[in-house]
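Below: one structure, written as structure tokens.
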Amino acid sequence: MPLFGKSQKGPAEVVKALKEAVNALEKGDKKVEKAQEDVSKNLVLIKNMLYGTSESEPQTDIIVAQLAQELYNSNLLLLLIQNLNRIDFEGKKDVAQVFNNILRRQIGTRSPTVEYICTKPEILFTLMSGYEHQEIALNCGTMLRECARYEALAKIMLYSDDFYNFFRYVEVSTFDIASDAFSTFKELLTRHKILCAEFLEANYDKVFNYYQRLLNSENYVTRRQSLKLLGELLLDRHNFSVMTRYISNPENLKLMMNMLKERSRNIQFEAFHVFKVFVANPNKPKPILDILLRNQEKLVDFLMKFHTDRAEDEQFNDEKAYLIRQIKELKPLPGH
Amino acid sequence: MINYNININDYKVVSPLSQCFEGKAAVYLAQHVPSGSMIALKKFNMDAIREDSYLVDVEIILTRQLHHPNILQYFISFVQGPEVWVISPLMAYGSCKDLLSQHFNDGLPEQAIIIILRDLLEALNYVHKKGFIHRAIRASHILISPLGKACLSGFRYSCPIIVNGKWQKTIHSFPSSTKPNLNWLSPELLEQNLVGYNEKSDIYSVGMVICELANGSEPFAGMSKTLMLTEKVRGCIPQLLDCTTIPREEGDDFSGGDCDISPKIVNRRFSDDLHKIAEICLNQESYYRPTAEQLLADSIFKTIKKSMPLPDLLKPALPLSDKVAYNTDDLEELKSLNNFSSLEIYSCEWDF
């Protein structure tokens with residue numbers, strides 16, 4: 001590509017040119033088309049410096065370091081994200097690729113871009129609000145998931161008020177956006193085990209209050225995904241105290257028992273993996289035990305017939321047999 | 001530009017077209033009621049899809065992020081009951097696989113193959129430049145529009161080339177649920193060894209598709225998967241079947257005996273250029289396979305200018321149109337198929 005490839009522009013010039021073009025685009029004067037073209041062209045230049053092309057290798061570390069420094073100093077990353085909707089289709093993806101590469105930069109054990117973003121959390125909040133806009137949602141999603149890999153950035157996002165918007169984003173009617181938002185949501189809640197456990201413990205009531213809505217969602221995909229994630233969260237040993245709290249609430253048990261009977265086989269199956277935690281608990285609180293005892297025969301009967309076609313799934317069958325045995329052996333607490 | 005909304009009443013199913021994703025998804029001919037235009041409606045039956053439901057996410061999210069005239073566009077996707085619905089333009093000639101099985105059992109005419117190949121390479125060139133490997137290039141994933149434009153689909157098996165913030169020289173991940181695509185996959189991908197593979201793996205599959213389009217079925221079809229792999233690793237290069245590649249001795253009778261090849265195949269002749277292009281794509285060593293961009297510069301594509309348009313070359317196949325017969329039987333059958341998985345209802349009532 002002689003049009004772009006042969007450029008001898010250094011990092012400082014490219015960043016300056018890109019910033020001017022984005023500013024022009026933002027102002028929206030009559031030269032918008034020209035500005036958009038300049039933005040796309042310079043984005044490709046920066047992308048090629050970072051990733052190389054089929055004809056050229058990526059630039060040396062020194063050049064990349066200069067480029068990163070220019071990007072920090074010019075505040076261009078935020079500016080690009082704020083104007084993402086004005087950039088053309090391919091340019092939006094280039095922004096994400098440039099961002100993701102710069103984010104991964106390392107000097108020894110330090111991640112300078114992560115440190116930079118910690119001082120400019122607005123970048124994260126702007127990205128999160130990207131899910132509000134169809135045309136940039138998926139681009140913001142790829143950048144957010146890269147950010148979520150870093151504990152410091154995940155922490156900022158989890159502990160922000162904006163985090164609770166995810167409960168809305170994962171349920172939007174456009175499937176691709178909801179599904180993308182869910183993978184970011186899941187990444188934030190599972191990636192850094194200790195951080196996540198602390199967050200869930202500290203915000204148990206608020207989070208599970210919101211989470212309840214996902215489990216009751218009208219949207220099949222949301223319901224299934226959130227139920228599956230709930231099972232994963234409860235079974236993660238880091239979340240022991242969250243799990244203990246969850247399985248002490250009889251309302252949660254009732255919900256799972258009802259979901260075991262849902263029409264959808266996948267939902268039944270995911271509900272099984274949450275239900276089993278209630279039964280396996282060696283210290284069942286009285287209200288939980290009472291419900292299980294009241295339904296002892298029905299549950300045994302039900303589980304015997306539950307997903308019998310999964311003969312090849314050994315783990316599932318072992319677990320099911322274990323649950324049946326446990327429920328059969330249930331006895332009321334002494335003195336009642 | 002028509003605006004497609006998330007409103008099920010906007011879409012009226014006319015007739016079923018085909019099934020895909022091993023029967024877990026179905027494509028329907030449908031009408032977009034507000035505009036009156038005909039579209040394709042793909043329904044993924046999510047309740048029938050267990051562990052590999054993320055493939056649906058991959059396909060839809062990636063397809064939504066690709067814009068190219070030779071890539072099937074997804075206008076919109078949304079959840080409807082236990083199904084995910086995807087609205088896309090109607091590919092009125094169906095897939096190349098449909099064309100082969102319905103009208104061209106012995107393969108397509110050479111000129112048609114060249115036009116489809118060019119469109120496929122245009123799409124792949126874009127996909128590779130954007131940093132993805134398709135990993136499921138096959139005739140059933142190449143669809144033909146009413147005007148005779150070939151469009152690539154089937155992105156659920158694809159993978160990104162950019163991993164960990166870097167453009168990877170080689171990829172090692174093996175695509176999941178890829179059983180139906182194995183015959184088309186390159187030897188280096190199938191071997192799953194430390195050497196890995198790159199986007200040239202797709203070029204091998206292009207070679208397989210050329211053979212598939214020319215011969216009527218893909219090489220190694222009907223063969224055991226182990227034997228197929230052994231043959232590929234040993235360096236067996238599949239060929240286009242014609243009078244230059246089928247050995248013929250005086251007095252041989254091809255119409256009888258074990259060798260069940262129609263005289264049409266034995267007597268035809270593909271151009272040397274087409275043979276050559278298939279051969280370089282199928283080179284055992286990925287290094288020697290050209291890129292999609294290099295292939296597009298091949299002189300064989302210069303013949304397209306003088307060629308008849310694809311729809312004429314595809315006769316007697318006709319494009320689907322809104323005049324297509326409303327086939328209620330098929331529709332009922334598919335409906336019952338879709339509902340089957342949710343028939344199991346537990347009648348017991350819990351005592352809370």
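What you are looking at is a predicted structure, and each value in this text was computed from that prediction instead of being measured. Side chains included, hydrogens not; waters and symmetry mates left out as well; all remaining heavy atoms used. Every chain is numbered from 1 and lettered A, B, ... according to where its sequence line falls, protein lines coming before strand lines.
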**OP:** Return the minimal non-hydrogen interatomic distance between A:Q97 and B:I162, and the atom names on each side.
**Re:** NE2-CD1, 3.4 Å
Original post:
Where the side chain of A:R224 meets the backbone of B:M46, is there a donor-acceptor pair that is under 3.5 Å apart?
Top reply: yes
Original post:
Between the side chain of A:K93 and the main-chain N/O of B:Q65, is any donor-acceptor distance below 3.5 Å?
Top reply: yes
Original post:
Taking everything shown except A:Q315 itself, do over 12 heavy atoms lie less than 6.0 Å from its CD?
Top reply: no
Original post:
Roughly how far, to the nearest 0.5 Å, is CD of B:E349 from CE of A:M257?
Top reply: 11.0 Å
Subject >> Full working for side chain to side chain contact (heavy atoms under 4.5 Å, CB included) between A:F175 and B:V56 >> reply: CA-CA 10 Å; A:F175 171 78; B:V56 179; 4.2 Å; yes
**OP:** Compare every heavy atom of B:V79 with every heavy atom of A:Y220, then report the nearest pair and how far apart it is.
**Re:** N-CG1, 4.1 Å
Original post:
Once you round to the nearest 0.5 Å, how far does CG of A:L138 lie from CG of B:L62?
Top reply: 10.0 Å
Subject >> Under 3.5 Å: donor-acceptor pair, side chain of A:N100, backbone of B:G165 >> reply: no
Original post:
Within the distance-only criterion (no hydrogens, no angle test), does the side chain of A:K254 pair as donor or acceptor with the backbone N or O of B:F352 below 3.5 angstrom?
Top reply: no
Original post:
So what's closer than 4.5 Å to chain B heavy atoms on A:L299: side chain, backbone, both or neither?
Top reply: both
**OP:** Step by step, work out the salt bridge (Lys or Arg N to Asp or Glu O under 4.0 Å) result for A:K186 and B:D57.
**Re:** CA-CA 14 Å; A:K186 183 177 171 182; B:D57 305 7; over 6 Å; no
**OP:** Select, from A:V172, A:T174, A:L103, the one with the greatest count of heavy-atom pairs under 4.5 Å involving chain B.
**Re:** A:T174
**OP:** Against chain A, label B:Y126 side chain, backbone, both or neither, depending on which of its atoms sit under 4.5 Å from a heavy atom there.
**Re:** side chain
Subject >> chain B contact via A:N258 - which portion, at a heavy-atom distance below 4.5 Å >> reply: both
Original post:
Distance from A:S183 atom OG to B:I61 atom CD1, nearest 0.5 Å?
Top reply: 6.0 Å
**OP:** For atom NZ of B:K225, decide whether the heavy atoms of other residues, nucleotides or ligands shown that lie under 6.0 angstrom number more than 12.
**Re:** yes
**OP:** Could you tell me whether A:Q134 atom CD has more than 12 heavy atoms of other residues or ligands within 6.0 Å of it?
**Re:** no
Original post:
Can you tell me if A:K261 uses its side chain to pair, donor with acceptor, with the backbone of B:C348 under 3.5 Å?
Top reply: yes
Original post:
Does B:E293 CD have over 12 foreign heavy atoms under 6.0 Å away?
Top reply: no
**OP:** Please flag which part of A:F89 lies under 4.5 Å from any non-hydrogen atom of chain B: side chain, backbone, both or neither.
**Re:** side chain
Subject >> Where B:I49 and A:N266 come nearest, the two heavy atoms and their spacing >> reply: O-ND2, 3.4 Å
**OP:** Pick one of side chain, backbone, both or neither for A:R294, based on which atoms fall under 4.5 Å of a heavy atom in chain B.
**Re:** both
Subject >> Point-to-point distance, once rounded to the nearest 0.5 Å, from CD1 of A:I177 to CZ of B:R64 >> reply: 7.0 Å
Original post:
Looking at B:S53, B:G131, B:P82, B:G81, which makes the most heavy-atom pairs under 4.5 Å with chain A?
Top reply: B:P82
Atom pairs and distances, donor-acceptor, side-chain atoms in residues 153-161 of chain B, under 3.5 Å, two or more places apart:
from   : atom 1 : to     : atom 2 : distance (Å)
B:S153 : OG     : B:H141 : O      : 3.1
B:R156 : NH1    : B:E59  : OE1    : 2.6
B:S158 : OG     : B:F155 : O      : 2.8

**OP:** Determine, for A:R223 against B:D47, whether the closest basic-nitrogen to carboxylate-oxygen distance falls under 4.0 angstrom.
**Re:** no
Subject >> Max heavy-atom pair count under 4.5 Å with chain B, selected residue of A:T222, A:D290, A:I291, A:V221 >> reply: A:V221
Subject >> Per-residue contact mode, A:Q296 against chain B (heavy atom under 4.5 angstrom) >> reply: neither
Original post:
Based on non-hydrogen pairs under 4.5 Å, which of B:F78, B:W350, B:W85, B:Y54 is most in contact with chain A?
Top reply: B:W350
Original post:
Nearest 0.5 Å, what's the CH2-NZ distance between B:W167 and A:K47?
Top reply: 7.0 Å
Subject >> Side chain, backbone, both or neither of B:I6 within contact of chain A (heavy atoms, under 4.5 Å) >> reply: side chain
Original post:
Between A:Q225 and chain B, which part of the residue has a heavy atom less than 4.5 Å away: side chain, backbone, both or neither?
Top reply: side chain
Original post:
With only heavy atoms counted, which part of A:E146 is less than 4.5 Å from chain B, the side chain, the backbone, both or neither?
Top reply: neither
Original post:
Could you name the residues of residues 196-205 of chain B that have a heavy atom within less than 4.5 Å of a heavy atom in chain A?
Top reply: none
Original post:
Should the heavy atoms of other residues, nucleotides or ligands under 6.0 Å from CD of A:Q106 be counted, would the total exceed 12?
Top reply: yes
Original post:
Going by an N to O cut-off under 4.0 Å, is there a salt bridge joining B:K130 and A:E90?
Top reply: yes
Original post:
Hey, is the main chain of B:D351 close enough, under 3.5 Å, to the side chain of A:N295 for a donor-acceptor pair?
Top reply: yes
**OP:** Tell me, out of B:I76, B:L66, B:T291, who's got the most heavy-atom pairs with chain A below 4.5 Å.
**Re:** B:L66
Subject >> More than 12 heavy atoms from other groups under 6.0 Å of CD on A:E297 >> reply: no
